[in-house]
Amino acid sequence: MATENGDNVAPDSWDQDSDSQDASVDNLSKPLSNLNVNAPTFVPGQNIYAAEFVPSFLNKSNEDTPTPPPPTENTDPPPDAGKNPTSDEQMETEDTPPDNVADEWGDEEEEENGDDEEVEEKQKSKKTEDQESSGPKKEHVNVVFIGHVDAGKSTIGGHIMYLTGMVDKRTLEKYEREAKEKNRETWYLSWALDTNLEEREKGKTVEVGRAFFETENKHFTILDAPGHKSFVPNMIGGASQADLAVLVISARKGEFETGFERGGQTREHAMLVKTAGVKHLVVVINKMDDPTVQWSIDRYNECKEKLVPYLKKCGFNPKTDVFFLPVSGLTGAFLKYCPDETVCPWYRGPSLIDYLDQMSSFNRSSDQPVRLPVVDRYKDMGVILLGKLESGCIARNQSLLLMPNRATVKVMQLFSDDIETESAGPGENLKLKVSGVEEEDVTPGFVLCPADNLCNTGKVFDAQIVILEHKSIICAGYSAVLHIHACAEEVTIKALICIIDKKTGEKTQMKPRFVKQDQIAIARIEVNGGLICLETFKDFPQMGRFTLRDEGMVFSSIFSSPGRKSPES
């Protein structure tokens, strides 16, 4: 090889002697000795040297508080750090087996190469051992945050995600900077759940936000429902997937009264979650650190005394089904850690996360057939379906039917809270990648079920209705919007069959002309569109409840009458 000057710099021979090889090995091994091979494993969001994150607008009151120094670490090198084995020693220690087991290794390799089936069996058994060593699967619990607009639902959800390690400090600092540029300093915690631009600009949740966090005993899925009255249909979709509800109340002067007055979302949301099948309610009285409240026990008791009679009217038992606690979503007080007695001396109960973690387990119907109402769908390298598995179990590569159009689909991939899994049980919020159907052929409200046990469908059905709040009477021919699990359809009351006595449960009047508030009746309802998926309340309570809404108001709670369906359905 010649250079630009014409000199030939090619060596006479490319073979190097052993001395040059040893010199090259020494040159390579010297820099390796400087590496800190005993450094701790890097975990995102868990920097041991980082100071505790405190919002900048709270630092103003704590400017004189000294910041604790970072934890010290022993930086002395290990005893064998300066000793570098030669290449020959490395080969002996890494590759050469002891003499007494060399023959056994050779025999094992021959057996493995000769029988591939045994290798596959060993790999499968190793996977099952790894799954068993990882511990039992935690119970999945779906929590929906409900309440009047601007009560602090998204802020509490975002702060819980930070306290449980689901959102790291760096991300929150970024949200705080962006919120400060828009003069919305206190909104940054809610941005962990309010992800789209419209929600962040207006400060209002539009779609049901989804996130998850884990405690020692349970895996929780957060469903952040919108609080504005214009987005109640979205809220109903979130409530239909929930196991328990957290009703967020603002203790600030004037805000609680606005949400609890007739027409406020506090009343409507409490009624909706009860008709959706939520049996337990946690009432969180938020903004207790507000200057108009200052952790006042009188304000706390005032809100509690006004809420209890209405919750009792909705069907909740105040002694067993409702739990009250004061919190501050902005500072995090009583979300995970209880503050000092100087902050709130009159409440020493559990925090919100501790209470949710200690709740008793929910009854899951894993032995029943698969029922998964589709909440949403989109296209991403295939058709993706979202929904909560109400009953049964789903596994990868399983074939199911999509009702009511009877399309056969195959589950290609299965995600539980964005974590890929091989199988899922009832109560989990799932994301399924399926084949055999197109996105435009799927509508929210469709139900996945097995081919040997199909979900019932119908257009005309009989149901028991309970009129809770309505400004006038209801007659045959009345039109409203029906919400059942994830489905929303326009319906018409074709006929009133009878009225039921509240105390005895017997039929008192056949074919009444009208039904008024606080009365129970059985009505024949017809869907104006196509078929819908539904079950009787006796067989599947989760799919036997639905709600009617008219003019933005919920006027009745609907329960499918056990075993009573029209022949036309």
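Scope of the values below: all heavy atoms of this structure, side chains included, with no hydrogens, waters or symmetry mates. Since the model is a prediction, treat every value here as computed from it, not as a measurement.
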Subject >> Non-hydrogen atoms of C338 and G349 that approach each other most closely >> reply: SG-O, 3.6 Å
**OP:** Could you label the plane-to-plane angle of the Y162 and H159 rings as parallel, tilted or perpendicular, counting under 30° as parallel and over 60° as perpendicular?
**Re:** tilted
**OP:** Return each pair, listed once, that meets side chain to side chain donor-acceptor pair (under 3.5 Å) where at least one residue sits in residues 334-351; pairs must be two or more places apart or across chains.
**Re:** S351-D354
Original post:
Does R545 count as lying over the ring of F537, i.e. NZ or CZ under 6.0 Å from the six-ring centre, within 45 degrees of the axis?
Top reply: no
Original post:
Could you give the distance from NZ (K274) to NZ (K313), rounded to the nearest 0.5 Å?
Top reply: 15.0 Å
**OP:** Report yes if some heavy atom in the side chain of V375 is under 4.5 Å from a heavy atom in the side chain of R210; otherwise report no.
**Re:** yes
**OP:** Kindly write out the residues that satisfy side chain to side chain contact (heavy atoms under 4.5 Å, CB included) with E214, not counting sequence neighbours, or none if the list is empty.
**Re:** K138, H219
Original post:
Can you tell me how far the CG atom of L414 sits from the NZ atom of K433, to the nearest 0.5 Å?
Top reply: 13.0 Å
Original post:
What pairs of residues pass the salt bridge (Lys or Arg N to Asp or Glu O under 4.0 Å) test when at least one of them lies in residues 232-251, not counting sequence neighbours?
Top reply: D243-R364, D243-K388
**OP:** With sequence neighbours excluded, tell me which residues meet side chain to side chain donor-acceptor pair (under 3.5 Å) with N301.
**Re:** none
Subject >> Under the side chain to side chain donor-acceptor pair (under 3.5 Å) test, residues paired with T266 that sit two or more places apart >> reply: none
**OP:** State the SG-CZ distance between C303 and F260, to the nearest 0.5 angstrom.
**Re:** 10.0 Å
**OP:** Ignoring hydrogens and angles, tell me if any N or O in the side chain of R299 forms a donor-acceptor pair with the backbone of A251 under 3.5 Å.
**Re:** yes
**OP:** Look at the rings of F220 and F213 and say which category their plane angle falls in: under 30° parallel, 30 to 60° tilted, over 60° perpendicular.
**Re:** parallel
Original post:
Can you tell me if H485 uses its side chain to pair, donor with acceptor, with the backbone of M543 under 3.5 Å?
Top reply: no
Side-chain donor-acceptor pairs under 3.5 Å in residues 277-286, sequence neighbours left out?
{"residue": "H280", "atom": "NE2", "partner": "Y355", "partner atom": "OH", "Å": "2.9"}
{"residue": "N286", "atom": "OD1", "partner": "G329", "partner atom": "N", "Å": "2.8"}
{"residue": "N286", "atom": "ND2", "partner": "A151", "partner atom": "O", "Å": "3.0"}

